[in-house]
Amino acid sequence: MKTRSWRGRGVFPAIALLVCMLGWPGPGWGTIRYEVSISHPELHLFHVTMTIPEVSGEVTVEIPAWNALYQIRDFSSHIRQVEAFQGSAKAPVEKVDKQTWRVTGVGTITVRYATYWDELGPFATQLNGEHTFINPAMILLYVPTRRAEDVHVAMPDVPGPWGVASAVQAVEESIGGARNFTLDAQSYDALADAPIEVGRFQEFELEGVSPRIGVVIHGEGWKKKHVGEMLKRICEYEIKLMDGAPFEHYTFILHIGKGAGSGGMEHANSTAIGIPSDEYLSGVAAHEFFHLWNVKRIRPATLEPVNFTKEQYTRALWFAEGVTSTYGAYTLVRSGIWNKERFYEDLGEQISELEARPANHWQSAEQASLDAWLEKYPLYNGPEDSVSYYTKGQVLGDLLDILIRDRTDNGKSLDDVLRGLNTDFARQGKAYRDSLDVRLEAEKVAGGSFEEFFQAYVAAAEPLPYQQILRLAGLEMRTTEHKRAVLGFSAERESGGTVTVRGVDDGSPAARAGLRLGDDIVNWNDEDVPRSLDRWVRERPPGEIVKVRIRREERERTLEFRLGEEKELLYQIAEDPHAGEKARRIREGLLHGVTQAATVDGVATEQ
């Protein structure tokens with residue numbers, strides 16, 4: 001019988017919790033095996049063979065409906081020709097629903113199928129002649145009642161010059177002169193949480209950082225010294241902040257350059273990040289690395305156990321994602337990557353984004369969290385219809401931090417809340433009760449009630465008291481009117497990666513150039529279409545010329561138009577020159593991550 005150590009191999013405690021909750025069998029069961037063939041990467045087809053031991057009469061297999069994003073993306077739509085075998089004889093296969101198949105047989109059952117993938121970015125899977133990036137849940141079936149069993153993955157035909165990298169260690173073997181890579185994980189969930197990079201990549205480890213942190217890079221337009229120094233500063237600060245690292249080895253998988261996609265995705269012992277150049281790395285990396293604690297281990301109970309078959313609703317994304325953004329910004333300023341002016345600018349940008357959205361007046365942080373599953377719909381993302389739990393959560397994190405520091409004379413901070421949640425929940429293998437346990441932990445740290453704050457600004461959508469709270473940290477908020485660029489249309493990225501126009505504003509430059517409802521945008525300024533057009537346009541001036549390649553009725557054409565403009569109110573954060581001594585100490589605490597109360601007989605306390 002095999003024995004397992006849930007912690008010994010870096011698997012986050014939530015998996016152990018999941019096993020207990022579902023009551024799944026222990027390690028006496030056999031290992032479920034996968035063989036993943038990528039023999040013709042230019043065809044974008046994975047050929048998968050799944051071997052299931054100890055089947056008694058029948059076995060049900062499923063493919064997740066979601067993974068990596070809070071979106072139902074129906075990965076079964078990529079699968080073709082599912083067949084099963086008992087020995088050399090075919091076994092009956094019945095499709096039960098869009099993502100489930102039932103196989104009849106006994107003993108060892110083999111399931112074979114192909115799945116097509118060629119989508120770029122850390123939230124997808126891609127197989128082409130340049131490289132392969134795999135989010136395992138998107139290509140591998142699982143047995144619902146046996147997710148806790150050991151899994152073994154073999155990749156027998158990786159092209160000669162390519163390597164394999166993952167947080168789940170890849171081992172290279174030579175079988176009959178052919179290169180074979182294998183990966184072993186303690187469960188399907190652990191494997192699903194460990195993306196795999198296959199291709200010509202460069203790799204190195206961050207110098208002087210403990211535990212070990214590896215960097216795997218596919219792409220171009222980056223400098224090793226810049227990437228290494230940036231990641232080292234981020235990782236060292238966050239590990240120190242959280243009193244140590246919860247992993248034995250961590251892996252950054254970076255896709256850099258044209259066609260790399262945009263954004264980052266957190267995993268228990270790794271992250272996958274896509275950026276156009278290494279200049280964009282610091283902001284994404286600071287956020288994703290902090291997810292090691294906040295959401296991968298400090299985990300809301302509503303996300304446990306993971307249900308791959310349907311939406312999994314939680315009210316806690318404002319904290320899991322938004323407060324992670326708070327700490328992304330804190331990390332950058334406290335590690336010296338940003339100066340304080342850049343930190344103030346970022347906070348002003350978040351407030352400006354919130355206040356520019358009429359939905360901010362009625363959609364709470366908790367409701368935005370619940371509605372995350374609607375984000376794939378363009379209408380929902382409009383300013384009248386939603387706010388971002390990232391943005392609202394980040395601002396709430398800053399405000400809560402200031403209040404804790406003010407109540408404790410800067411003796412405690414939000415840092416203590418995160419460390420407390422890590423101690424009381426993550427290290428105990430327990431999940432927290434959404435906003436409730438966050439509030440209770442904050443009250444324990446601050447020594448007083450935060451019920452009114454959470455009720456008004458987290459559960460409800462009352463106007464945030466920016467000026468009142470910022471003043472406690474020696475900061476003030478100023479407003480200016482500004483002209484910003486607008487696209488003049490809305491678009492939606494389909495599950496297959498195609499970006500389709502879903503609305504065009506009457507009279508806009510895009511409309512006058514001939515853009516129509518239903519057009520597919522193939523190319524954007526001779527490059528890939530940005531993952532978030534809204535984010536892209538916020539960084540451009542009104543009147544900038546945009547060149548888009550569209551496909552309409554199987555014919556392609558190029559359109560050019562200028563970005564439109566509209567007025568917006570911008571909020572800027574500045575230091576209050578008249579701030580008192582306590583407010584200045586709180587401000588310095590925010591910027592440098594220290595807690596230092598007022599001196600008593602010339603002695604100050606500092607963390």
In chain order, what residues pass the side-chain contact (heavy atoms from CB on, under 4.5 Å) check against [X], with sequence neighbours excluded?
X      : answer
Pro159 : Ile38, Pro161, Trp162
Ser369 : Leu317, Trp318, Tyr389
Arg551 : Asp520, Val522, Glu556
Glu172 : Arg179, Phe181

| field | Minimum heavy-atom distance between Ala137 and Asn67, given as atom pair plus value | value | CB-CG, 3.6 Å

| task | Grab the two heavy atoms, one from Ala272 and one from Pro122, that are nearest each other, plus how far apart they are. | result | O-CB, 3.2 Å

| field | The single option from Lys296, Glu321, Arg297 passing side chain to side chain donor-acceptor pair (under 3.5 Å) against His291 | value | Glu321

Who passes ring-ring contact (aromatic ring centres under 6.0 Å, His included) against [X], sequence neighbours left out?
X      : value
Trp101 : none
Phe201 : none
Phe489 : none

In chain order, what residues pass the salt bridge (charged side-chain N to carboxylate O under 4.0 Å, His left out) check against [X], with sequence neighbours excluded?
X      : result
Glu229 : none
Asp74  : Lys98
Asp97  : none

Side-chain donor-acceptor pairs of residues 126-134 under 3.5 Å, sequence neighbours excluded:
from: Gln126; atom 1: OE1; to: His131; atom 2: NE2; distance (Å): 3.2
from: Gln126; atom 1: NE2; to: Asp118; atom 2: OD1; distance (Å): 3.2
from: Asn128; atom 1: OD1; to: Glu130; atom 2: N; distance (Å): 2.9
from: Asn128; atom 1: OD1; to: His131; atom 2: N; distance (Å): 3.0
from: His131; atom 1: ND1; to: Glu197; atom 2: OE2; distance (Å): 2.8

Can you tell me if [X] uses its side chain to pair, donor with acceptor, with the backbone of [Y] under 3.5 Å?
X      : Y      : value
Ser166 : Pro195 : yes
Lys376 : Ile72  : yes
Thr331 : Ile234 : no

| field | Residue pairs involving residues 75-87 (criterion salt bridge (charged side-chain N to carboxylate O under 4.0 Å, His left out); sequence neighbours excluded) | value | Glu83-Lys90

